[in-house]
Number of protein chains: 2
Amino acid sequence: MDDVYLEQVKAFGETGRHPAARVVTIAYCSLINIEHHQLKILANELHWHRVTTLSDMAFDHRQILDACYEWLQKRIQEHPLGFSLLPKKFSLRELQNLYEAILDVKLDRRNFRKKFFSMDLLEDTGELETDVPHRPGKLYRFNYEKYQKKERRKWFGIDF
Amino acid sequence: MDDVYLEQVKAFGETGRHPAARVVTIAYCSLINIEHHQLKILANELHWHRVTTLSDMAFDHRQILDACYEWLQKRIQEHPLGFSLLPKKFSLRELQNLYEAILDVKLDRRNFRKKFFSMDLLEDTGELETDVPHRPGKLYRFNYEKYQKKERRKWFGIDF
DNA sequence: CCAAAAGTGTTAATGTTACACCCATGC
DNA sequence: GCATGGGTGTAACATTAACACTTTTGG
């Protein structure tokens with residue numbers, strides 16, 4: 001695929017990963033909407049899979065996948081990755097669904113809202129959802145520019 | 001050096017890092033007590049340096065160092081790295097000094113104490129500091145076993 | 001009018017920050 | 001007895017968690 005934003009997760013370079021030789025793999029992770037991206041290589045049994053129902057993988061590939069998923073769960077809590085997976089204008093429900101899916105938790109709707117609004121990075125577009133069989137939600141846009149300018153504290157607090 | 005525990009920080013593989021060819025570097029970070037470890041290679045101008053007063057570095061090595069330092073500052077807040085740098089039995093003052101040095105912040109003594117004791121991973125050895133020109137502090141030991149068994153929550157809270 | 005999800009506020013619990021006094025040791 | 005840093009508790013504040021009712025739309 002072209003034009004996908006990748007972030008590096010980790011390099012895997014243990015001896016013995018591959019039976020034939022020492023192989024170093026650098027794993028990257030990306031959030032992409034599979035509706036909007038086609039796999040270019042259709043050979044080699046290349047498919048999309050659910051993370052919950054994965055068949056056996058070769059070598060240490062399962063470990064790599066697990067490392068990526070854990071990385072993602074942590075990363076998305078600390079950085080605004082998720083928006084690349086949503087349309088430019090999205091409802092809070094879509095955003096929450098995304099977080100719930102990735103983190104595999106249920107979140108309180110009101111507290112989720114408060115949290116995001118308190119970060120002050122979502123802009124009301126003034127538009128509403130359409131074609132929903134219930135009260136339409138407002139559509140928001142993520143303000144990347146504001147996010148960039150925001151000063152991030154180095155100190156979060158010791159906790160382990 | 002032998003026998004130092006390394007943790008991987010990041011791989012650097014941009015094109016153009018090195019003028020001659022594409023070079024991939026995998027950076028690792030370790031906390032070691034330079035009193036207890038000798039540099040084995042004395043050629044090649046290999047020395048210890050303070051991070052605060054570093055001369056120019058070749059290629060993108062400064063970026064690598066910065067990435068490592070930032071990684072360390074984050075990592076030490078979430079994982080018990082620091083103890084590898086202290087003697088097995090250490091005073092809380094030593095521990096706090098370590099955190100203050102790495103994070104480059106001043107911390108409140110009482111709150112630091114409370115924080116660590118609330119994690120319930122420090123064991124009182126019953127011993128005291130010696131040869132200090134003031135009231136000696138108690139010596140503690142970090143309980144790695146308890147730390148391992150501790151269940152870590154996946155969910156910390158969205159914040160960016 | 002019914003179903004479905006949106007929108008909203010308050011309270012309790014928890015965690016974090018700020019801060020001051022007495023104590024034990026070496027000199 | 002003085003200087004130095006060790007040890008401790010509390011109150012204000014900030015953050016998070018829990019929780020229920022009204023509103024808007026489509027059918």
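By convention in this document, chain letters (A, B, ...) are assigned in the order of the sequence lines, proteins followed by strands, and residues within each chain are numbered from 1.
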*Does the distance from a Lys or Arg side-chain N to an Asp or Glu carboxylate O, for Lys74(A) and Glu78(B), drop under 4.0 Å?*
yes
*Taking NZ, NE, NH1 and NH2 as the nitrogens, is one of them in Lys114(B) or Asp108(B) under 4.0 Å from a carboxylate oxygen of the other?*
no
*For Glu145(B), what residues pass the salt bridge (charged side-chain N to carboxylate O under 4.0 Å, His left out) criterion, not counting sequence neighbours?*
Lys149(B)
*Could you give the start and end, 5' to 3', of the contact zone on DNA chain C for chain B, using atoms under 4.0 Å from its heavy atoms?*
dT16(C) to dG26(C)
_For Tyr144(B), give me all partners under ring-ring contact (aromatic ring centres under 6.0 Å, His included), at least two apart in sequence or on another chain._
Phe142(B)
*Would you jot down, in residue-number order, the residues of residues 117-132 of chain A having a non-hydrogen atom under 4.0 Å from DNA chain D?*
Val132(A)
*Residue met sooner reading DNA chain D from 5', once Gly157(B) and Leu139(B) are mapped to nucleotides*: Leu139(B)
_Phe116(B) CZ - dT8(D) P separation (whole Å)_ = 16 Å
*Along nucleotides 17-22 of chain D, 5' to 3', which nucleotides get a B, which get an S, and which get a -, given that the test is a protein heavy-atom distance under 4.0 Å?*
BBBB--
*asked:* Through direct or indirect side-chain contacts below 4.5 angstrom among Ile, Leu, Val, Met, Phe, Trp and Tyr, which residues connect to Phe12(B)?
replied: Ile64(B)
*What integer distance in Å separates Arg153(A):CZ from dA14(D):P?*
14 Å
*With a 4.0 Å cut-off on heavy atoms, is Arg113(B) in touch with a base, just the backbone sugar-phosphate, or nothing at all?*
base
*Whole-Å distance between dG7(D) C1' and Gln96(B) CD?*
13 Å
*Is there a chain of hydrophobic side chains (I, L, V, M, F, W, Y, each step under 4.5 Å between heavy atoms) that links Leu65(A) to Leu81(A)?*
no
*Going by the angle between their ring planes, with limits at 30° and 60°, are Phe116(B) and Phe83(B) parallel, tilted or perpendicular?*
perpendicular
*Would Phe117(B) and Leu92(B) satisfy side-chain contact (heavy atoms from CB on, under 4.5 Å), going step by step from the backbone distance to the final call?*
CA-CA 10 Å; Phe117(B) 288 145; Leu92(B) 265 191; 3.6 Å; yes
